[in-house]
Amino acid sequence: MGSSDEKAGLTRRGAVGSLAALAAAPGLATAGTAHRPRKAPAPFLWGTATAAHQIEGGNVHSDFWLAENVKPTVFAEPSADACDSYHRYGEDIALAARLGFNCHRFGIEWARIEPEPGMFSMAALDHYKRVIEACHAHGLAPMVTYSHWTVPRWFAARGGFTQADSPDLFARFAERATKHLGDGISYASTFNEANIQRIAAILFAGGGDQLRQALTGMIGACAKASGSDRFSMVLFEPAERVEPQMVKAHHQAMAAIKAGPGSFPVGVTISMQAVEAVVPAAQARAEALRGALYGPWLDAAKGADFVGVQTYTRLRVGPDGIVPAPQGAEMTEAGYEFRPEALEDTIRYAAKVTGRPVIVTENGIATNNDARRIAYIDQALAGVKRCLADGIDLRGYVHWSLLDNFEWISGYKQKFGLVAVDRTTFRRSPKPSAVHLGQIARKGRP
Ligand code: FCB
């Protein structure tokens, strides 16, 4: 492959010319990519985000599938068919393109690609190749998440990321997947919300003893069902048990992805909240909490091509710790404060601390009132504009989510989608917010 466009797998697969410039943008171009002078600035990335387990359906070889179906479980309901996107991805991608987006974030499912240790499914890899090709055919830059929390059931049964050799296994998966798919990828991230255990610790703390007991019961039932004494799920481990291995896994997977084929920016995405002190005396505490939320991950991102910022709300901190949302504040269906301004704060923070280009890889709201989604989007994008006006190297905005989908332990109740999905017929119905954000996307730079 000759030109950098070809290396990015874009022109070869029929992507529109302007998208080819995306992967070759300065700062995001990767080592070994030949720089060519660009006439026009790279287009801003506008996309929607999805995750394999949340939309595909029938992810039977994954740890989550097991956890959703054992008793007791903390899941409100099982993922079951989800949005049937494993079969309907073509419809999803065509819809995203029609709405006006130029980028599509989705996950490749390790549990499908390696359903048994060392057994790599060519059929599953070919499936994801077709997904990538569909993106290019519709002018969408494929942004691939290598791990969005789910792992193969066998990997969880052997102790998941608590085990010292887990980075090697994750890197082996990343290498095999990249060999098959790398040619067509435009952007990738290793882990989705790599710091999730740190966030979960705060969120689950609110659930008290009852939730802790249910979690222990569920993990015990999963262990029993898989004949394991160390069943481990990314989402439910304390950070100290998995983080050192996950940091290593990120670096090893990044090296495996960089080995190609393909030459595209690779990042890691981080769950970020605006952290605000409610009184000046709480400032130090707020700073400490911010550090605790991110742990080693902003540092890890310094060595990546970009940092993926994923923000939904803010945390307010008083002298004694986190305090609830102000009285009368609007709350979303996910139970957190409606706070679109949080995005601006986290973009600025991520850019300052990492010095890397930023892509907003998730931002959105759980609501049954689509007018509030539109308001949320507009207010969040006002912050995006201010960041760009201040010269922050922000490359794109990817909204969570394209579809109403399986929201992990909450099941299907929370609606984050720009597009509604009928739970029986799987019919997709774009909401006014989908048209609204699509129209903004068509205009180009915010
Ligand atoms: C993020 C997750 C994503 C989705 C949204 C609502 O933390 O990355 O999968 O569940 O929250």
Side-chain angles (χ1 to χ4, degrees), residues 47-57 59 62-64 67-68 74-77 79 82-83 85 104-111 143-151 188-204 206 233-236 239 246 267-274 293-294 297 307-315 331-340 342-343 346 350 359-368 372-373 376-377 380 397-419 421 433:
T48 58
T50 60
H53 187 73
Q54 292 176 272
I55 60 164
E56 287 182 345
N59 190 14
S62 69
D63 57 340
F64 273 70
E68 291 157 19
V74 298
F75 288 83
E77 56 191 318
S79 54
C83 305
S85 290
H104 181 59
R105 179 172 178 240
F106 65 95
I108 53 173
E109 180 54 65
W110 184 7
M143 180 180 279
V144 172
T145 311
Y146 276 65
S147 173
H148 200 125
W149 300 349
T150 43
V151 300
S189 54
T190 53
F191 287 119
N192 175 68
E193 298 192 344
N195 61 324
I196 190 61
Q197 299 84 23
R198 292 169 171 272
I199 303 283
I202 293 173
L203 301 183
F204 292 160
M233 297 176 75
V234 168
L235 198 51
F236 305 121
M246 284 183 70
V268 57
T269 84
I270 302 182
S271 173
M272 301 189 73
Q273 326 269 336
L293 284 182
Y294 307 132
W297 287 107
V307 52
V309 166
Q310 309 201 164
T311 298
Y312 291 86
T313 190
R314 68 171 168 181
L315 289 177
M331 304 302 278
T332 71
E333 291 289 318
Y336 55 68
E337 187 186 354
F338 178 97
R339 191 69 184 172
L343 183 63
T346 53
I359 300 176
V360 175
T361 41
E362 281 184 26
N363 173 246
I365 172 178
T367 181
N368 293 315
R372 296 312 291 152
R373 190 180 333 277
Y376 185 93
I377 288 170
Y397 175 86
V398 179
H399 189 80
W400 183 271
S401 180
L402 178 64
L403 305 174
D404 284 341
N405 62 24
F406 178 69
E407 271 306 328
W408 308 110
I409 64 174
S410 325
Y412 289 98
K413 225 175 68 212
Q414 295 177 9
K415 311 284 189 207
F416 278 93
L418 297 168
V419 175
V421 178
S433 55

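Counting begins at 1 with the first residue of the sequence. Note that ligands are numbered from 1 as they come in the structure, with each ligand's atoms numbered from 1 the same way. Hydrogens, waters and symmetry mates are skipped; everything else that's a heavy atom, side chains included, is used.
At least one N or O atom of Asn192 sits closer than 3.5 Å to an N or O atom of ligand 1. Taking any N or O of Glu362, backbone or side chain, at least one lies under 3.5 Å from an N or O belonging to ligand 1.
Counting atoms of ligand 1 from 1 in the listed order, those under 4.0 Å from a heavy atom of Gln54 are 3 (C), 4 (C), 9 (O), 10 (O). Against a heavy-atom cut-off of under 4.0 Å, His148 is close to the following atoms of ligand 1: 2 (C), 3 (C), 8 (O), 9 (O). The atoms of ligand 1 that sit less than 4.0 Å from any heavy atom of Gln310 are 8 (O).
There is no side-chain donor-acceptor pair under 3.5 Å between Ser62 and Thr150. Side-chain contact of Gln310 with Thr361: a donor-acceptor pair under 3.5 Å is present, judged by distance alone.
Between Asn59 and the choices Glu109, Gln54, Glu68, the side-chain hydrogen bond (donor to acceptor under 3.5 Å, both in side chains) rule is met once, by Glu109.
Counting only heavy atoms of the protein, atom 7 (O) of ligand 1 lies nearest to Glu193 OE1, 2.6 Å. Closest to atom 10 (O) of ligand 1, if we only count protein heavy atoms, is Glu407 OE1, 2.6 Å. For atom 5 (C) of ligand 1, the closest heavy atom belonging to the protein is Tyr312 OH, 3.2 Å.
With rounding to the nearest 0.5 angstrom, the CG atom of Asn368 is 10.5 Å from the OG1 atom of Thr332.
Between Lys413 and Glu333 there is no salt bridge, since no side-chain nitrogen of the basic residue lies less than 4.0 Å from a carboxylate oxygen of the acidic one.
Neither the backbone nor the side chain of Gln414 has any atom closer than 4.0 Å to an atom of ligand 1 (non-hydrogen atoms only).
The two atoms that bring Lys415 and Arg373 nearest to each other are O-NH1, 3.3 Å, heavy atoms only. Scanning all heavy atoms of the two residues, the minimum distance from Thr311 to Tyr376 falls at O-OH, 4.0 Å.
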